[in-house]
Amino acid sequence: MVASIVVASLLSPGASLARPLFPAPLLFQAAPARPEIARAQEQISDGDFEEAVKTLEAGLDAPDVTDDQLVELYRLLGLTSLYLGDEARAREAYEMLLQARPDYELPRTAPPKIRTLYARIKEDIKNRRVRPVTLQVDPIPDPQGGTPVRVEARIEDMALGARARLFYRRAGAQAYSSVDFTREDRARKEHFTATIPAYELPAAASAYEVEYYFEVADAAQRRLAGRGDAFNPLVFQVTPEPGTVATPGERPWYKSPWLWVAVGAVAVAGTAGAVVYATSEERGRVPITIRVNP
């Protein structure tokens with residue numbers, strides 16, 4: 001009964017509870033079916049708002065969610081949060097929705113209280129500056145062959161639909177493989193991890209190099225942040241089996257990940273303009289000639 005009263009208070013005056021909470025979407029708004037969405041809709045209709053929040057959070061954490069599904073998950077999370085009286089959480093959900101779909105409009109059947117909050121959020125987003133994505137990650141140290149490599153990263157202000165990935169390949173190969181960064185603890189929502197499986201780094205009699213880079217890209221595959229790239233990758237060396245001596249001097253000095261750390265520390269002290277230039281996708285090439293006197 002309490003749940004029914006809360007739902008009724010969000011509906012327009014004179015509206016009947018017989019009206020479906022979730023009207024059929026228009027054809028162009030239809031998204032592929034996802035079990036968490038259907039389950040959350042049932043839980044909200046039954047007044048199980050706390051359970052609906054858990055269901056929606058599980059759907060948002062899934063690695064294979066489409067952009068349309070993300071929008072619907074955040075829409076339902078905003079709706080559920082308002083039912084629970086948590087306007088701050090509802091606002092955050094709708095902000096995430098609008099980062100991906102600035103032109104998204106709520107259904108006309110949405111309760112007036114939700115439409116009013118949504119309109120305020122849209123106006124606030126329009127009048128404020130969007131914060132850029134930031135990626136903080138350490139270079140990968142040289143692992144031993146046959147062991148997995150786990151990488152931790154801190155990613156702030158990652159937009160809805162964006163993905164953070166670690167790309168890697170054995171030096172000399174043509175194509176990169178990739179693994180996604182995932183959030184392991186919802187309480188630390190800016191902390192992500194990615195793991196290169198052990199079978200991708202087999203043990204060998206001699207050392208070999210693996211090229212890699214980090215990238216955060218939006219739903220349109222536009223690069224938002226990164227370290228290294230496909231043409232200028234970072235490198236770590238897979239050490240040989242125990243008892244085998246690696247050949248010294250196999251890695252060029254300019255590919256050392258620790259050199260990258262030192263250069264990064266200097267870059268932080270530079271101006272904002274220098275950082276923008278250094279991270280631009282358009283790079284110039286400067287010829288360098290080294291002469292050695294006999």
Side-chain angles (χ1 to χ4, degrees), residues 63-64 133 135-155 158 162-182 192-267 275 277-292 294:
D64 56 345
V133 177
L135 169 66
Q136 300 176 26
V137 59
D138 289 332
I140 299 175
D142 295 344
Q144 184 176 333
T147 59
V149 170
R150 187 173 185 270
V151 181
E152 298 185 1
R154 180 179 177 86
I155 306 173
M158 189 160 67
R163 294 176 65 187
R165 286 185 288 179
L166 163 59
F167 293 85
Y168 61 92
R169 69 180 179 187
R170 187 158 175 167
Q174 293 184 349
Y176 284 92
S177 299
S178 68
V179 290
D180 285 342
F181 279 93
T182 58
F192 294 79
T193 61
T195 302
I196 302 177
Y199 63 80
E200 294 278 31
L201 306 171
S206 59
Y208 59 89
E209 291 183 340
V210 173
E211 299 174 332
Y212 70 100
Y213 65 97
F214 307 103
E215 183 173 271
V216 181
D218 63 12
Q221 299 303 309
R222 292 172 297 202
R223 183 179 170 108
L224 303 176
R227 293 290 185 271
D229 57 51
F231 299 100
N232 300 282
L234 308 170
V235 176
F236 65 80
Q237 192 175 76
V238 178
T239 58
E241 296 177 338
T244 305
V245 179
T247 305
E250 291 182 353
R251 178 188 303 171
W253 64 270
Y254 56 84
K255 287 190 175 183
S256 170
W258 304 112
L259 174 68
W260 165 54
V261 172
V263 172
V266 175
V275 172
Y277 177 81
T279 57
S280 171
E281 294 299 328
E282 297 181 0
R283 297 180 174 84
R285 296 184 178 275
V286 180
I288 299 175
T289 302
I290 301 176
R291 300 182 183 278
V292 179

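Side-chain atoms are counted along with the backbone in the values below, which use heavy atoms only and exclude waters and symmetry mates.
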Please name the pair of heavy atoms, one in [X] and one in [Y], separated by the smallest distance, quoted to 0.1 Å.
X: Y213; Y: G228; value: CB-C, 3.5 Å
X: G146; Y: A198; value: O-CB, 3.5 Å
X: Y168; Y: E200; value: OH-OE2, 2.9 Å
X: P202; Y: V238; value: O-CG1, 4.3 Å
X: E152; Y: T193; value: CG-CG2, 3.9 Å

Let me confirm one number: the [atom1]-[atom2] distance from [X] to [Y], rounded to the nearest 0.5 Å.
X: D138; Y: R154; atom1: CG; atom2: CZ; result: 13.0 Å
X: L135; Y: F181; atom1: CG; atom2: CZ; result: 7.0 Å
X: Y208; Y: Q237; atom1: OH; atom2: CD; result: 10.5 Å
X: Y212; Y: R169; atom1: OH; atom2: CZ; result: 14.0 Å
X: T239; Y: Q144; atom1: OG1; atom2: CD; result: 5.0 Å
X: I196; Y: R150; atom1: CD1; atom2: CZ; result: 13.0 Å

- Between S178 (side chain) and L166 (backbone), is there a donor-acceptor pair under 3.5 Å? no
- Query: Taking Y176 for the side chain and A230 for the main chain, is one N or O donor matched with an acceptor at less than 3.5 Å?
  - Reply: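 Side chain of Y176 to backbone of A230, a donor-acceptor pair under 3.5 Å: yes, one is there.
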- Message: Would you say that F192 contacts V137 through its side chain, given a criterion of any heavy-atom pair below 4.5 Å between the two side chains?
- Response: no
- Query: Considering only heavy atoms from C-beta outward, does the side chain of I140 approach that of L234 to under 4.5 Å?
  - Reply: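 They are not in side-chain contact.
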- Item | Note: E215-R165 ion pair, threshold 4.0 Å (strictly below) |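 No, this pair does not count.
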